[in-house]
Amino acid sequence: MIDLKLLQKDFEGVSAKLTRKGVSAALLTTLKEKFESLRVAKQEFETLQAAQNAMSKEFGVYKREGKDISELKARVDANKIKVTEAVEVQRERQEELEKIAMAVPNMPDDSVPDGKDEEDNIELKKVLTPKEFGFTPKEHWELAEQNGWIDFERGVKLATSRFSVSFGMGARLERALINFMLDFNRERGFEEVSVPALVNRQALEGTGQLPKFEDDLYKMDGQELFLIPTAEVPVTNLYADEILTADELPKRMTAYTSCFRKEAGAAGRDTRGMIRQHQFHKVELVAITTPDTSEIMFEQMVSCASDILTALELPHRLVNLCTGDLGFGAAHTTDIEVWLPGQNQYREISSISNTREFQARRAKIRYKNGKKNELVNTLNGSSLAVGRTLVAIMENNQNEDGTIDIPEVLRPYLGM
RNA sequence: GGACAGCUGGCCGAGUGGUCGAAGGCGCUCGCCUGGAACGCGAGUAUAGGGCAACCUAUCUAGGGUUCGAAUCCCUAGCUGUCCA
């Protein structure tokens with residue numbers, strides 16, 4: 001959530017930043033007014049409540065001393081009506097404010113380039129050069145089917161479209177990748193955690209998926225539980241509502257989970273193959289830091305993900321997301337795109353974001369800075385999306401006859 | 001699925017309608033003591049919001065109710081434990 005106090009103190013500044021994310025100044029003005037009117041309502045309530053409390057105390061004294069209470073009772077009853085009204089007003093304003101505030105995205109950092117969509121993202125650097133093929137490289141679904149690694153039809157039979165089944169070496173490679181990535185991250189100082197795949201509404205509000213993006217989440221029938229769209233949700237929320245000590249920070253965690261997305265609004269995109277599935281495997285990095293160290297952590301996380309691809313000998317590039325492509329909660333994001341020779345383009349395989357205080361404010365994750373409690377910074381990033389990594393291996397390591405070379409670093413994981 | 005018990009501050013634990021934001025202990029912080037430490041002694045030690053100082057408001061799992069007044073009584077939900085199926 002954005003800082004409403006800051007909005008009030010520096011309306012122009014906040015407004016300028018959020019305008020770049022397409023938030024209208026009119027909405028922010030409304031937000032500011034609602035915040036102010038809530039403050040007034042709170043004050044009114046508190047004044048009345050203070051009077052009520054004082055009279056109630058007096059009441060006790062009267063009783064003990066055996067005095068007549070009828071006059072006091074009349075006063076206290078009259079005041080109570082006002083208190084009840086004030087509570088109602090306050091509640092209404094609180095709800096109105098939250099409804100708007102929770103749907104406002106994070107402020108982008110100044111380093112985020114302006115832009116409409118992924119076309120306007122800025123390439124930061126390329127790592128490894130795509131190799132030349134002496135033949136026309138195939139796309140991954142063709143290779144996957146030819147090698148018997150992935151069965152798209154049977155996935156549809158079991159569930160619905162955008163589900164697939166891995167067989168044999170395809171399935172083993174997925175598992176090898178997961179283990180390799182987790183081990184790699186652990187060696188970089190990220191503690192492995194294993195978390196629930198179902199989370200409640202509060203957790204999703206904490207990280208920003210709710211209330212705005214409910215349409216893209218799978219919800220349990222009749223229960224306030226949702227399948228996680230990313231491990232970022234359970235892992236970040238591990239410390240929701242907590243006050244960490246300074247020496248506990250930074251928290252660095254890595255988790256493997258399945259991720260579930262309805263992909264609402266992605267109709268027609270990547271319908272073939274396993275680029276965009278309703279269920280996919282992902283290894284995630286999450287960090288919780290002090291505000292002054294979050295950028296160092298960010299760089300470490302980007303390196304971690306990039307180095308995994310390098311270890312797998314997969315050419316990739318880093319891109320700085322523009323305002324139009326930036327996610328709801330991110331202050332800035334670096335995407336890692338892997339080269340897919342079959343598609344002849346770079347495709348997203350990892351997304352690393354610093355949300356700064358945005359999630360911390362929603363999830364109430366704080367730390368003790370001396371005497372004061374301050375909000376932490378939270379960061380998250382994929383390292384990596386497993387299915388897409390498998391896709392990249394297939395397309396980059398294919399031979400003319402359709403066979404696929406297994407990357408050196410994965411061989412120990414496959415008993416090779 | 002059924003029955004019962006419980007959920008209090010970082011932890012343990014007292015508190016059955018007003019003087020309770022909450023005894024006591026542990027832990028932690030600071031000071032004294034010491035060559036140094038333990039022991040001992042003294043002081044402090046929740047969070048949020050508002051005034052931005054005194055102070056005020058809220059919070060004893062959550063939500064609702066009774067009452068002038070609720071940690072304390074009632075209802076609902078969640079969680080934990082025990083027993084039964």
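Scope of the values below: all heavy atoms of this structure, side chains included, with no hydrogens, waters or symmetry mates. A, B, ... follow the sequence lines: proteins, then strands. Residue 1 opens every chain.
With sequence neighbours excluded, no residue forms a side chain to side chain donor-acceptor pair (under 3.5 Å) with A/R91. Partners of A/Y367 under the ring pair (Phe, Tyr, Trp, His ring centres under 6.0 Å) rule, at least two apart in sequence or in another chain, do not exist in this structure. For A/D3, the salt bridge (charged side-chain N to carboxylate O under 4.0 Å, His left out) partners at least two apart in sequence or on another chain are A/R361. Residues passing the side-chain contact (heavy atoms from CB on, under 4.5 Å) test with A/E191, sequence neighbours excluded: none.
Against RNA chain B, the stretch residues 196-209 of chain A makes no heavy-atom approach under 4.0 Å.
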Can you list, pair by pair, the side-chain donor-acceptor contacts under 3.5 Å of residues 162-173 of chain A, counting residues two or more places apart and other chains?
{"unit_1": "A/R162", "atom_1": "NH1", "unit_2": "A/R269", "atom_2": "O", "d": "3.2"}
{"unit_1": "A/R162", "atom_1": "NH1", "unit_2": "A/D270", "atom_2": "O", "d": "3.3"}
{"unit_1": "A/R162", "atom_1": "NH1", "unit_2": "A/R276", "atom_2": "O", "d": "3.1"}
{"unit_1": "A/R162", "atom_1": "NH2", "unit_2": "A/A266", "atom_2": "O", "d": "3.0"}
{"unit_1": "A/R162", "atom_1": "NH2", "unit_2": "A/R269", "atom_2": "O", "d": "3.2"}
{"unit_1": "A/S164", "atom_1": "OG", "unit_2": "A/Q277", "atom_2": "OE1", "d": "2.9"}
{"unit_1": "A/S166", "atom_1": "OG", "unit_2": "A/E174", "atom_2": "OE2", "d": "3.0"}
{"unit_1": "A/R172", "atom_1": "NH2", "unit_2": "A/L414", "atom_2": "O", "d": "2.9"}

For residues 95-105 of chain A, run the donor-acceptor check on the side chains, cut-off 3.5 Å, and write out each pair with its distance to 0.1 Å, sequence neighbours left out.
{"unit_1": "A/E96", "atom_1": "OE1", "unit_2": "A/K34", "atom_2": "NZ", "d": "2.6"}
{"unit_1": "A/E98", "atom_1": "OE2", "unit_2": "A/Q94", "atom_2": "NE2", "d": "3.1"}

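Distance A/D247 CG to B/U29 P: 11 Å, rounded to the nearest Å. Protein atom NZ of A/K73 is 8 Å distant from nucleotide atom P of B/U67, rounded to whole Å. Put simply, CG on A/D241 is 14 Å from P on B/G9, counting in whole angstrom units.
Between B/U16 and B/A71, the distance separating the two P atoms is 13 Å to the nearest Å.
The aromatic rings of A/F152 and A/H140 stand perpendicular to each other, their planes meeting at an angle above 60°, with 30° marking the opposite boundary.
Among residues at least two apart or in separate chains, side-chain hydrogen bond (donor to acceptor under 3.5 Å, both in side chains) pairs with a member in residues 78-89 of chain A are A/Q52-A/N79. The list of side-chain hydrogen bond (donor to acceptor under 3.5 Å, both in side chains) pairs with a residue in residues 22-32 of chain A, not counting sequence neighbours, is empty. Identified under the ring-ring contact (aromatic ring centres under 6.0 Å, His included) test for residues 44-82 of chain A, with sequence neighbours left out: none.
Within 4.0 Å (heavy atoms only), A/N79 reaches no atom of the nucleic acid at all.
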### Message
One character per nucleotide, please: for nucleotides 45-66 of chain B, 5' to 3', B when the base has a protein heavy atom closer than 4.0 Å, S when only the sugar-phosphate does, - otherwise.
### Response
--SSBSS----BBS-----S--

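Nucleotide B/C41 is matched to B/G31 when pairs are restricted to Watson-Crick or G-U wobble geometry with both distances under 3.5 angstrom.
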Nucleotides 15-22 of chain B: which of its N/O atoms have a protein N/O under 3.5 Å away?
{"unit_1": "B/G18", "atom_1": "N2", "unit_2": "A/S56", "atom_2": "O", "d": "2.7"}

